[in-house]
Amino acid sequence: MMVDATSSLEQELNPWLAAEARFDLAAEKLGLDDGMRKVLRSPAREITVSIPVMLDDGRLEVFTGYRVQHSIARGPAKGGIRYAPDVTLDEVRALASWMTWKCAVVNIPFGGGKGGVVCDPTVLSQAELERITRRYTAEIIEFIGPEIDVPAPDMNTNEQTMAWIMDTYSMHHRQTVTAVVTGKPINLGGSHGRTEATGRGCLITALQALQHFNIDPASARVVVQGFGNVGGMAAKLMQRLGMKIITVIEYDGAVHNPKGLDVLGLMKHRQETGSILDFPEAENVDREEALFTECEILLPAAKEGVITSQNAHKLRAKILCEGANGPTTAAADEILAAQNVFVIPDILANAGGVTVSYFEWVQDRQGFFWNEQLVNGRLEEIMVNSFRDVTGYAQKYRVDNRTAAYMLALDRVSFAIKLRGIYA
Ligand code: GLU
């Protein structure tokens, strides 16, 4: 019995199986033919490389790196690179396909890709991370480029990582090519507003959902899981608009204040103490239970597979705004639908990041840079339109928002493939 339960939960937590389940449902509703389904579900290219690196203590280690290009039907592959000890090819493959659908939902001219390096960044020095990044870039160098595949930051990678990739690529090409990656530092071809973009996109879509329910943002209570670039930024921006961030959950615990936490103060407290716990004017609470706090908006912004068939029924949120990629398993979808939770699916909610990545790529290629106001205005326009496109599909086809987002994306990508035709 025990063994069965574990293996079925393991299956449920496999992100590639989750991606396939959602894909199948949307393809079915759209009535896509078998051939097109085969094309859409097969990653165009999967690269696995060995990354030999000399560690600081003189030992030679070999890391494994992946880059999956799921689709290039609508433009160059686009998507982040993550560093983590548990990265798998299945995970990178799922994330790459989500990038294809995400770019299609916000209608930007990219396909989808994702990369990963199996390593534990917490035990590596900056110098070791730099050597890993440069060698990984060198190993995949003929497969990336402004017109081929444009990486970006993801879990445990940041603008410094992007600067190293840009430099390595540029050294090989004997010219500075800023548009090969996005999420770079501002003075190296980065864009204003990129760091905040994913969190800002979450805010914009959450505001649209509140409007849908006629809820005044000032009376909205928010629970945030993950206080990093996505969750932290979203919380900061939400609080600025008067929303109450009542609970913040991190890997080592959670803090709660029913009157609302001071987000900037909490960030400072974490910087000083290394943890969000023991924040004055807040109560430390159990991190598992904290996810079930009653709220208007629950924002999971950490990692995959946190809302599952085991706990979805316990959620007490009206709106689920998926800041992370794949925080909800496919098996949990039905439970959420039965509870009438309004889901803003990841491929819409967190698409602000890749949208501003697109702006960065455009600016780099033009050599002409925009101010932050212009970036934020254009981001808002795209996010609001995409929210309407997705909810419009949900109404038209009488499906939940996630299925609607997948249907919209599949429609756009399959249309591009049909127009281009199959090269033989
Ligand atoms: N890693 C981010 C995501 O999952 C950003 C990707 C990008 O900007 O290309 O959407």
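In each ligand, atom 1 is the first atom listed, and ligand 1 is the first ligand listed. Excluded from the calculations below are hydrogen atoms, water molecules and symmetry mates; all remaining heavy atoms, backbone and side chain alike, are included. Every value quoted in this text rests on a predicted model; they were computed, and no experiment measured them.
- For Glu46 and Arg67, the salt-bridge test fails: no basic side-chain N is under 4.0 Å from an acidic carboxylate O.
- For atom 7 (C) of ligand 1, the nearest non-hydrogen atom of the protein is Ala152 CB, 3.3 Å.
- Remark: ligand 1 and Pro153 share an N or O pair separated by less than 3.5 Å (distance only, no angle test).
- Minimum interatomic distance between Leu379 and Ala197 (heavy atoms only, all atoms of both residues): CD2-O, 4.0 Å.
- Under the side-chain contact (heavy atoms from CB on, under 4.5 Å) test applied with Met238, the options Ile245, Leu207, Val263 reduce to a single match, Ile245.
- A salt bridge links Glu196 to Lys236: one of the charged nitrogens lies within less than 4.0 Å of a carboxylate oxygen.
- Look at Arg194 and you'll find a heavy atom under 4.0 Å from some atom of ligand 1.
- Residue-level proximity to ligand 1 for Asn325 is carried by the side chain, the only part with a heavy atom below 4.0 angstrom.
- Of the protein's heavy atoms, Lys78 NZ, 2.8 Å lies nearest to atom 9 (O) of ligand 1.
- For ligand 1, the atoms closer than 4.0 angstrom to any heavy atom of Gly79 are 9 (O).
- Judged by distance alone, the side chains of Tyr406 and Trp98 do bring a donor and an acceptor atom under 3.5 Å apart.
- Remark: ligand 1 and Asp154 share an N or O pair separated by less than 3.5 Å (distance only, no angle test).
- For Arg37 and Glu28, the salt-bridge test passes: some basic side-chain N is under 4.0 Å from an acidic carboxylate O.
- For ligand 1, the atoms closer than 4.0 angstrom to any heavy atom of Met99 are 3 (C), 4 (O), 6 (C), 10 (O).
- Protein heavy atom in closest approach to atom 8 (O) of ligand 1: Ser357 OG, 2.5 Å.
- Between His70 and the options Phe23, Trp101, Trp16, a ring pair (Phe, Tyr, Trp, His ring centres under 6.0 Å) holds for only Trp101.
- Each of the atoms 1 (N), 3 (C), 4 (O) of ligand 1 lies under 4.0 Å from some heavy atom of Lys114.
- Which parts of ligand 1 touch Lys102 is read off a 4.0 Å heavy-atom cut-off, strictly below it: atoms 3 (C), 4 (O), 10 (O).
- In this structure, Lys318 is positioned above the aromatic face of Phe213, its NZ or CZ under 6.0 Å from the six-membered ring centre and within 45° of the axis.
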